[in-house]
Amino acid sequence: METATAELFGDTPDREGLFPEERTLMAGVGAGRRREFTTVRVCARLALKDLGVPPAPLLPDEWGAPGWPTGIVGSMTHCRGYRAAVVARRTSVQALGMDAEPHRPLREGVLGAVARPDEQAALADLDRTVSWDRLLFSAKEAAYKAWSPGARADGVRPRSLHDIRVTLRPADGTFRAEVLPGHPEATSLEGRWLATAALLLTAVSVPASP
C-alpha cells in the first residue's frame with residue numbers, strides 16, 4: 001500500500017493519543033481546538049499505521065502545516081462533525097491536499113474575497129444541487145495545501161487563495177486548479193470532489209516525478 005486514509009465523525013477524548021510534544025503545544029488552547037487537533041492526529045496515525053509507519057509526533061510548522069515522518073507526505077482536514085487525514089509514500093506521491101467543509105453556502109462576502117470574477121461568473125451558470133461557492137473554496141484549500149509545501153521548500157512565500165484559479169467540472173467530480181502565471185511556482189493541479197448531504201470533500205494528489 002502506498003496511500004492510506006482515515007476518517008472519524010466524532011472526537012476522541014480530549015488529549016488522548018497525543019505525544020508529550022503535542023500536549024505541550026496544546027497547553028492553554030481551548031477545548032474545542034484541542035479536540036480537533038487530537039482527533040485529526042488520531043486519523044493521521046491510523047493512516048500511517050496502514051502504511052507500516054510507526055506513530056510519531058505530528059507538529060505544525062511555522063505556517064501551520066503538519067510535519068510528517070521522513071519519506072511521507074500527507075494532509076489533514078477537519079470541520080464540524082468530521083476529521084480526516086490522507087498519507088502517502090513520497091516515492092509514489094509528491095504532495096497531497098485534502099479539505100472538508102460543511103455542505104452549506106459560504107457566509108456573505110467570503111466568495112468575493114477568495115474567488116476571481118471569472119470564477120464567480122462560472123458558478124452562476126451551475127444548478128443549485130450543490131453549494132458550489134463553498135465547493136470552490138474547498139477546492140482552493142485542497143490545492144493550496146498540495147502546492148504550498150513545495151513552494152516553501154523553494155523559498156517562495158505562498159500567496160492567497162485568490163491567486164489560485166479553480167475550474168470545477170460538475171459532470172465527473174473533478175476540478176483543475178491553476179496557480180496563476182507570474183508566481184515563481186506557477187503550476188497546474190488536478191483534483192477530485194465529492195458532495196454528500198452534509199459534507200463537501202476535495203482532494204489533490206501530485207504524482208512523484210519519474
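Put simply, the side chain of Trp132 gets close to the backbone of Asp127: a donor and an acceptor are under 3.5 Å apart. At distances below 3.5 Å, not a single donor-acceptor pair connects side-chain atoms of Ser131 with backbone N or O atoms of Asp133. A donor-acceptor pair under 3.5 Å links the side-chain atoms of Arg41 to the main chain of Leu58, judged by distance alone. Between the side chain of Thr39 and the main chain of Thr12, a donor-acceptor pair closer than 3.5 Å is present. Using modelled atom types, no side-chain atom of Arg45 and backbone atom of Pro55 make a donor-acceptor pair closer than 3.5 Å.
Using modelled atom types, one finds a donor on one side chain and an acceptor on the other under 3.5 Å when comparing Arg169 with Thr174.
Within the model, atoms CD of Glu2 and CG of Leu51 stand 7.5 Å from one another, a figure rounded to the nearest 0.5 Å. Considering CH2 of Trp68 and OG of Ser75, their distance stands at 7.0 Å, rounded to 0.5 Å.
Here the closest non-hydrogen pair linking Tyr82 and Ala100 is CD2-CB, 3.6 Å. The two residues Ala85 and Ala47 come nearest to each other via the heavy atoms O-CB, 4.4 Å. Minimum heavy-atom separation, Leu126 to Pro170: CD2-CG, 3.6 Å. When all heavy atoms are compared, the tightest approach of His162 to Ala113 is CD2-O, 3.5 Å. Taking each heavy atom of Leu200 and Leu135 in turn, the nearest pair found is CD1-N, 3.7 Å. Taking all atoms of both residues into account, the shortest heavy-atom contact from Ala177 to Ile164 is CB-CG2, 4.0 Å.
A side chain to side chain donor-acceptor pair (under 3.5 Å) check over residues 110-124, counting only residues at least two apart or in different chains, returns the pairs Asp118-Arg165, Glu119-Lys140.
Residues Leu111 and Arg134 have side chains not in contact (no heavy-atom distance under 4.5 Å, counting atoms from C-beta outward). In this structure the side chain of Leu168 reaches within 4.5 angstrom of the side chain of Leu123, judged on heavy atoms. Residues Leu96 and Lys145 fail the side-chain proximity criterion, which asks for heavy atoms closer than 4.5 Å. For the pair Thr202 and Val204, the minimum side-chain heavy-atom distance is 4.5 Å or more. Counting heavy atoms from C-beta outward, Val42 and Leu46 have side chains that approach closer than 4.5 Å. In this structure the side chain of Phe37 reaches within 4.5 angstrom of the side chain of Leu25, judged on heavy atoms.
Both Met98 and Val93 are part of a single hydrophobic cluster, where members link through side-chain heavy atoms under 4.5 Å apart. A continuous path of Ile, Leu, Val, Met, Phe, Trp and Tyr side chains, each step under 4.5 Å between heavy atoms, connects Leu136 with Tyr144, placing both in one hydrophobic cluster. Under the 4.5 Å side-chain heavy-atom criterion for ILVMFWY residues, no single connected hydrophobic cluster contains both Val73 and Val53. Residue Leu201 is not grouped with residue Phe137 when hydrophobic side chains (ILVMFWY) are merged at heavy-atom distances under 4.5 angstrom, including chains of intermediate members. Hydrophobic cluster membership is shared by Val179 and Phe175, with clusters built from Ile, Leu, Val, Met, Phe, Trp and Tyr side chains linked at under 4.5 angstrom.
Across Arg83, His78, Arg34, a single residue satisfies side chain to side chain donor-acceptor pair (under 3.5 Å) together with Asp11, and that is Arg83.
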Discussion item. Between Glu101 and Leu199, is the side-chain contact (heavy atoms from CB on, under 4.5 Å) condition met? List the steps.
Written reply: CA-CA 6 Å; Glu101 299 287 334; Leu199 289 170; over 6 Å; no

